[in-house]
Amino acid sequence: MFQSLPLAPPDSILGLTDVFNKDPRTEKINLTVGVYKDETGQTPILQSVKMAESKLLSQEKSKGYLGIEGHPEYLKLVSELALNGAVELDRVSAAQTPGGTGALRVGAEMIGTHFPGSRIWVSNPTWANHNSIFAASKLQVETYPYLSSDKTSLGFSEMIDHLTQHGRAGDFVCLHACCHNPTGIDPTPENWSTIAKLLNEKRMIPFIDYAYQGFGDGIVEDGLGTRTLLQHNSEAVLCSSYSKNFGLYSERVGAVMVVNKSADGKEATLSQLKQTVRSNYSNPPRHGAATVAVILGDAELRKAWEVEVDAMRSRIATMRQQFVEGMKAVKSIRDFSFLLTQKGMFSYTGLTPLQADWLKKERAIYLVGTGRINVAGISPSNLPRLCQSIADCLVATAN
Ligand code: LMR
């Protein structure tokens, strides 16, 4: 039977890491997957996480199952963190999920099961996995334009015109709360207000992907888009991830939060989220969520974590700045100053798939084919070679 299976294509992001790991060239640079790295190229375990883990280790009494919806204290604390007072928590049905991907899948599958034929609008471009997750959840995936024609900024009027013209009541609109993946280009506060009002007018429902809280402007500041959406819309789905801001990638820590019109709907919605979880992975893993709960529930650890998030954000911003300056220093034929308006872990460089391929083959520099780079993969030591290589690539591939 299985002999007839065709070979699936490698994942457009994680597949590149496999190729990178096998590349024998020692000078190789990995700017693909969205994983934070420090100036030495390591993905560190946060100190706050280490401290919370040692506390857990000494206090933990059982490895018994969590409830289907997950760790109660974690759910309360992350709901407060993500929603930041935008809605009363008695309207929120929340379930702990394996990472942000798990949150997107549980939320989307619950919708696909109970509201078959629902449409979800995703930005063009968006994180490649959005398309796969939503399609696998039986949602009809539609796209709205996101970028200006030169691809260096938000094409806001095109986005709004498209959703106004083609959006229908009951459609979901996937929005990146902050640090848009893959572009790093976020709506302004005024843009958020227009989006929020449009969704309300057209009775479309925000489906928010919140994977980078703290990596844009700050832990609280990054919630502006979400708060604005919830100010104008009585229902929403929010999918959060604690992979990046707690550095808990492999622990798979996320949550799906459905905001109901009123507290009355909370229990039934939660029961359907639980059904979805039960038929997928039964109940979520404890360790990562328990770690987050310890940190957020302890004033001192929380402060230490906030300082660490600020440090990660500021290192990325510095690397972004130095990359732009570095490209000027090597007399690049293209000006990359537009990257300075982008935020978070990623930047959309405008490099083409052909140029990404050139960089991989000729210089052992790996970026996603869309031209997305993980700015956190840049360090003071690889920056000069990176800038020179991109400058050479632009010349070699001109015409
Ligand atoms: C990314 O976009 O690189 C990250 O969100 C990791 C992933 O799973 O793709």
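Counting starts at 1 for both ligands and their atoms, following the listed order.
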- Query: For ligand 1, what are the residues with a heavy-atom contact below 4.0 Å?
  - Reply: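 These residues qualify: Ile13, Val33, Gly34, Trp127, Asn181, Tyr212, Lys244, Phe346, Arg372.
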- Cationic tip of Arg372 above Phe346 ring, under 6.0 Å, 45° of axis: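 Yes.
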- Message: Show me the pairs that pass side chain to side chain donor-acceptor pair (under 3.5 Å) and involve residues 81-95, at least two apart or across chains.
- Response: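 Pairs touching residues 81-95 that pass the test: Asn84-Arg227, Ser93-Asn260.
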- Check whether the ring centres of His180 and Tyr146 lie less than 6.0 Å apart, and answer yes or no.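 Yes; Tyr146 has its ring centre under 6.0 Å from that of His180.
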- Query: Is the shortest side-chain N to carboxylate O distance from Lys303 to Glu306 below 4.0 Å?
  - Reply: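 Salt bridge: yes.
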- Only one of Val395, Val330, Leu351 clears side-chain contact (heavy atoms from CB on, under 4.5 Å) with Ile390; which?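 Only one option passes, and that is Leu351.
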- Task: Say whether Glu308 and Ser48, considering side chains only, have a donor N or O and an acceptor N or O under 3.5 Å apart.
- Result: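 Short answer, yes.
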